[in-house]
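Excluded from the calculations below are hydrogen atoms, water molecules and symmetry mates; all remaining heavy atoms, backbone and side chain alike, are included. One is the number of the first residue; the rest follow in order along the sequence.
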Amino acid sequence: MASVQSLSAAVHQRLAEALSAAVPESADADPLLRRSDRADFQANGMLALAKKLKGNPRELASKVVDAIPANDEIKEIEVSGPGFLNITVADAALVRTLAARAADDRLGVPYKTDPGTSVVDYAQPNVAKEMHVGHLRSTVIGDAVVNLLEHRGEKVVRRHHIGDWGTQFGMLTQYLIEHPHELDHASDAAAGDGGADVEGNAAMARLNRLYKASRVLFDTDPEFKERARDRLVKLQGGDAQTLGLWHKIVDESKIYFQGVYARLDVEIADEDVVGESAYNDDLQAVVKDLEDSGVAVRSEGALCVFFDDVKGPDGTPTPLIVQKSNGGFGYAATDLAAIRNRIGDLKADTLLYVVDARQALHFRMVFETAQRAGWLPEGAARQLPFGTVLGKDGKPFKTREGETVRLVDLLGEAVGRAAEVVREKSENLGLSEAEITERASQVGVGAIKYADLSNSMTRDYVFDLDRMVSLNGDTSVYLQYAYARIRSILRKAPEGAEPVARAELSLEPAERALALHLDDFADTVAGAADLYEPHKLAAYLYQLASLYTTFYDQCPVLKAEGGPDQVANRLFLCDLTARTLHQGMALLGIRTPERL
């Protein structure tokens, strides 16, 4: 089905045509239409245009009104103040537009006219290390961005650039060779009690202990450090024993990662996980090309790229180091090799990196280097930086002992809190324990995701579970409960009472407010996708649930005074609201239980 034009877009088009007819020299002028508390919409573009033409804005506004032909969309239009246009749309046009939206499975959300291929780099955990709260934002934001882009028709290639290469793996494999008993899975029984329901958690806890033990030895024993460095050379050279141990570490880590992602309700396929090691064979070519082209130069033995505006506190240039003086490679070389692969082999038009804002300088330098080398078209790569998760004290979120909070512990606590809410609210629903457990997972995980996504990604936010699982305020629980309440009303509708749009009926103020907001859904989704801003969709959904609450309080549905036709029309508004909440929440990666 073709996309459905919103009523605001139809009104905007009417005004633009009238403006062009009234003032031909202003053919490209924007009426600047927006929602208003004085009418349904207000257009104030006449003020700026009149100033440009040195005319009277009220006279110009009156000319525009006179140039609008009779139509079904606009019920009333008046010139207000210095030249604003206050516009009220017709109830019938509003209901007809919503009926067209309801007839479309996509609720009128348009496909992009020029979809391309985007590679989205997000959820980048490190092998042999437990995922912590710092991995939450990249995973949740990246998943929502991917959902939005795919819904708009974009081809999306997911890339999870895991840390699976480098010095620490020489350290780990050497430690395992010297402590073979550590490979005994019997030690898994002692692998901590938090998050035990996550697949691979015990093995990861063991790997985490091994990492800490090997790091202590690496930092305190010079001879072990030398052996570990030699082991890294063997790993990079393809030594069979070393590679075997490395594969074991990576494979067990991936099982754990998938377990955490499953708990977080994020789908990640094996082929999407492409770690640093995947680009190892390309690093020498990256170095050669950069050096041969003069983009990078040798400085004190290291291969560096310099930038005029990047300097240290003492004023000396701070370069991007592609290859260290000892011949080793850092993150920059791998990131550059990944860009060459994503643009050259995957034929991507856009590269998106959902990465902590604190890495902004690194990625700016990497992108500029790739552009200088001719590997990256200008503007094709973009970092989507996100802020920090804070504790209630306003500092980066830590445990009481000052340790980084494990993600599995965070999810477990959220689900536990949600279970209390679900159990309390579902006393009269007769839910089984299995149903309560399922809904608690959906509510708890949804609460964490929504708290993240409802904030602009660049902002820090405070992690407060009490607020997140509250039924009041801007929370996913409030939205989920609104959806469940609507589904309950639809189930209680008497036989023969179906949701049907009745364009001939006049609408109450609460109905009109809800209907006008429903009509904004497609434009909101398109804007959130095009600007990579899922928080705008979250804000829309919260306002939708709030407007529905007002509608529910002021406009009886099943006992509407206007008879069967008004019941049908209000059931239609209920049904479209539920579908909009369901689709919008799904794009954010959040479930909407039918009963709550």
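Paired with L571 under the rule side chain to side chain contact (heavy atoms under 4.5 Å, CB included), one option of V500, I486, I489 passes, and it is I489. A side-chain hydrogen bond (donor to acceptor under 3.5 Å, both in side chains) with S118 is found for exactly one of E154, E150, R342, namely E154.
Looking at every heavy atom in both residues, L148 comes nearest to L537 through CD2-CD2, 4.0 Å. Closest heavy-atom contact between A529 and R152: CB-CG, 3.6 Å. Closest non-hydrogen pair, M468 versus T475, comes out as O-CB, 3.6 Å. In terms of heavy atoms, S454 sits closest to A538 at CA-CB, 3.8 Å. A pairwise comparison of heavy atoms in L573 and A515 identifies CD2-CB, 4.3 Å as the closest pair. In plain terms, the two heavy atoms of L320 and M365 that are nearest each other are N-CE, 3.4 Å.
Separation of atoms CD (Q13) and CD (E73) is listed at 8.5 Å; rounding is to 0.5 Å. We find the OG-CG distance between S441 and L264 to be 9.5 Å, quoted to the nearest 0.5 Å. L351 contributes atom CG, which lies 11.0 Å from atom OG1 of T117 (distance to the nearest 0.5 angstrom). Atom CZ of R439 and atom CZ of R595 lie 6.0 Å apart (nearest 0.5 Å). Distance check: I77 CD1 to D40 CG gives 11.5 Å after rounding to the nearest 0.5 Å. Here the straight-line distance linking atom CZ of R406 with atom CG of L411 works out to 11.0 Å at 0.5 Å rounding.
With sequence neighbours excluded, no residue satisfies salt bridge (Lys or Arg N to Asp or Glu O under 4.0 Å) with D164. Qualifying salt bridge (Lys or Arg N to Asp or Glu O under 4.0 Å) partners for R96, counting only residues two or more places apart in sequence or in other chains: none. For D520, the side-chain hydrogen bond (donor to acceptor under 3.5 Å, both in side chains) criterion is met by R35, not counting sequence neighbours.
A salt bridge is absent between D104 and R106; no separation between the charged side-chain nitrogens and carboxylate oxygens falls under 4.0 Å. Looking at D265 and R591, a side-chain N of the basic residue comes within less than 4.0 Å of a carboxylate O on the acidic one, giving a salt bridge. Between R137 and D452 there is a salt bridge, since at least one side-chain N of the basic residue sits less than 4.0 Å from a carboxylate O of the acidic one.
Summarising the local packing, OH of Y331 is surrounded by 12 or fewer heavy atoms from other residues, nucleotides or ligands at distances under 6.0 Å. Surrounding NE2 of H362 are more than 12 heavy atoms belonging to other residues, nucleotides or ligands, all under 6.0 Å away. Under a cut-off of 6.0 angstrom, the local environment of CD in Q359 is crowded, with over 12 non-hydrogen atoms contributed by other residues, nucleotides or ligands. For Y552, the OH atom sits in a loose shell: 12 or fewer heavy atoms of surrounding residues, nucleotides or ligands are nearer than 6.0 Å. Counting non-hydrogen atoms of neighbouring residues, nucleotides and ligands closer than 6.0 angstrom, the CD atom of E271 exceeds 12 such neighbours. At most 12 non-hydrogen atoms from other residues, nucleotides or ligands lie less than 6.0 angstrom from CG of D28.
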Decide side-chain contact (heavy atoms from CB on, under 4.5 Å) for F463 and K392; before the verdict, give the C-alpha distance in whole Å, the side-chain angles of both, and the deciding distance to 0.1 Å.
CA-CA 7 Å; F463 193 93; K392 293 181 182 180; over 6 Å; no
Steps toward side-chain contact (heavy atoms from CB on, under 4.5 Å) verdict (R158, V120):
CA-CA 5 Å; R158 297 163 172 81; V120 183; 5.9 Å; no
Could you walk me through whether E276 and T334 pass the side-chain hydrogen bond (donor to acceptor under 3.5 Å, both in side chains) check?
CA-CA 6 Å; E276 296 169 350; T334 304; 5.5 Å; no
Should D519 and T97 be marked as a side-chain hydrogen bond (donor to acceptor under 3.5 Å, both in side chains) after you check the CA-CA gap, both sets of side-chain angles, and the distance that decides it?
CA-CA 7 Å; D519 191 40; T97 301; 5.1 Å; no
Checking D335 against Y279 for the side-chain hydrogen bond (donor to acceptor under 3.5 Å, both in side chains) test, could you report, in this order, the C-alpha distance in whole Å, the side-chain angles of both residues, the deciding distance, and whether it holds?
CA-CA 9 Å; D335 287 334; Y279 306 104; over 6 Å; no
Let's go through F551 and E508 carefully: what are the C-alpha distance in whole Å and the side-chain angles of both, what is the deciding distance for side-chain contact (heavy atoms from CB on, under 4.5 Å) to 0.1 Å, and is it a yes or a no?
CA-CA 9 Å; F551 161 81; E508 296 292 330; over 6 Å; no
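Annotation: cation-pi pair R382/Y532 absent, no NZ/CZ under 6.0 Å from the ring centroid and within 45° of its normal. Under the 6.0 Å distance and 45° angle rule, R579 does not count as a cation-pi partner of F521.
With a 4.5 Å cut-off on side-chain heavy atoms, I343 and W375 do not count as touching. A 4.5 Å side-chain heavy-atom check between Q258 and I268 finds at least one atom pair inside the cut-off. With contacts defined as side-chain heavy-atom distances shorter than 4.5 Å, the pair L336/V366 qualifies. Between R263 and L407, every side-chain heavy-atom pair lies at or beyond the 4.5 Å cut-off. At least one side-chain heavy atom of I87 sits under 4.5 Å from a side-chain heavy atom of L33. Between F572 and L576, some side-chain heavy-atom pair lies under the 4.5 Å cut-off. Side-chain contact between Q442 and V422 is absent, with no heavy-atom pair separated by less than 4.5 Å. At a threshold of 4.5 Å between non-hydrogen side-chain atoms, the residues M585 and L541 count as touching.
Checking side-chain atoms of D91 against main-chain N and O of L507 turns up a donor-acceptor pair under 3.5 Å. Without hydrogens or angle criteria, D121 side chain to Y353 main chain gives no donor-acceptor distance under 3.5 Å. Checking side-chain atoms of D460 against main-chain N and O of G387 turns up no donor-acceptor pair under 3.5 Å. In this structure a side-chain-to-backbone donor-acceptor pair under 3.5 Å is present from R512 to V89. Checked by atom type and distance alone, the side chain of Q383 pairs as donor or acceptor with a backbone atom of V355 at under 3.5 Å. Without hydrogens or angle criteria, H517 side chain to Y540 main chain gives a donor-acceptor distance under 3.5 Å. Counting only distance, with no hydrogens or angles, the side chain of K112 and the backbone of L149 share no donor-acceptor pair below 3.5 Å. For Q583 (side chain) and D105 (main-chain N/O), a donor-acceptor pair under 3.5 Å exists by modelled atom type. Checked by atom type and distance alone, the side chain of E511 never pairs as donor or acceptor with a backbone atom of R570 at under 3.5 Å. Checked by atom type and distance alone, the side chain of K449 pairs as donor or acceptor with a backbone atom of G589 at under 3.5 Å.
Aromatic ring centres of Y481 and Y478 lie farther apart than the 6.0 Å criterion allows. Between F386 and Y122, the distance from one ring center to the other does not fall under 6.0 angstrom. For H135 and F257, the ring centers sit 6.0 Å or farther from each other.
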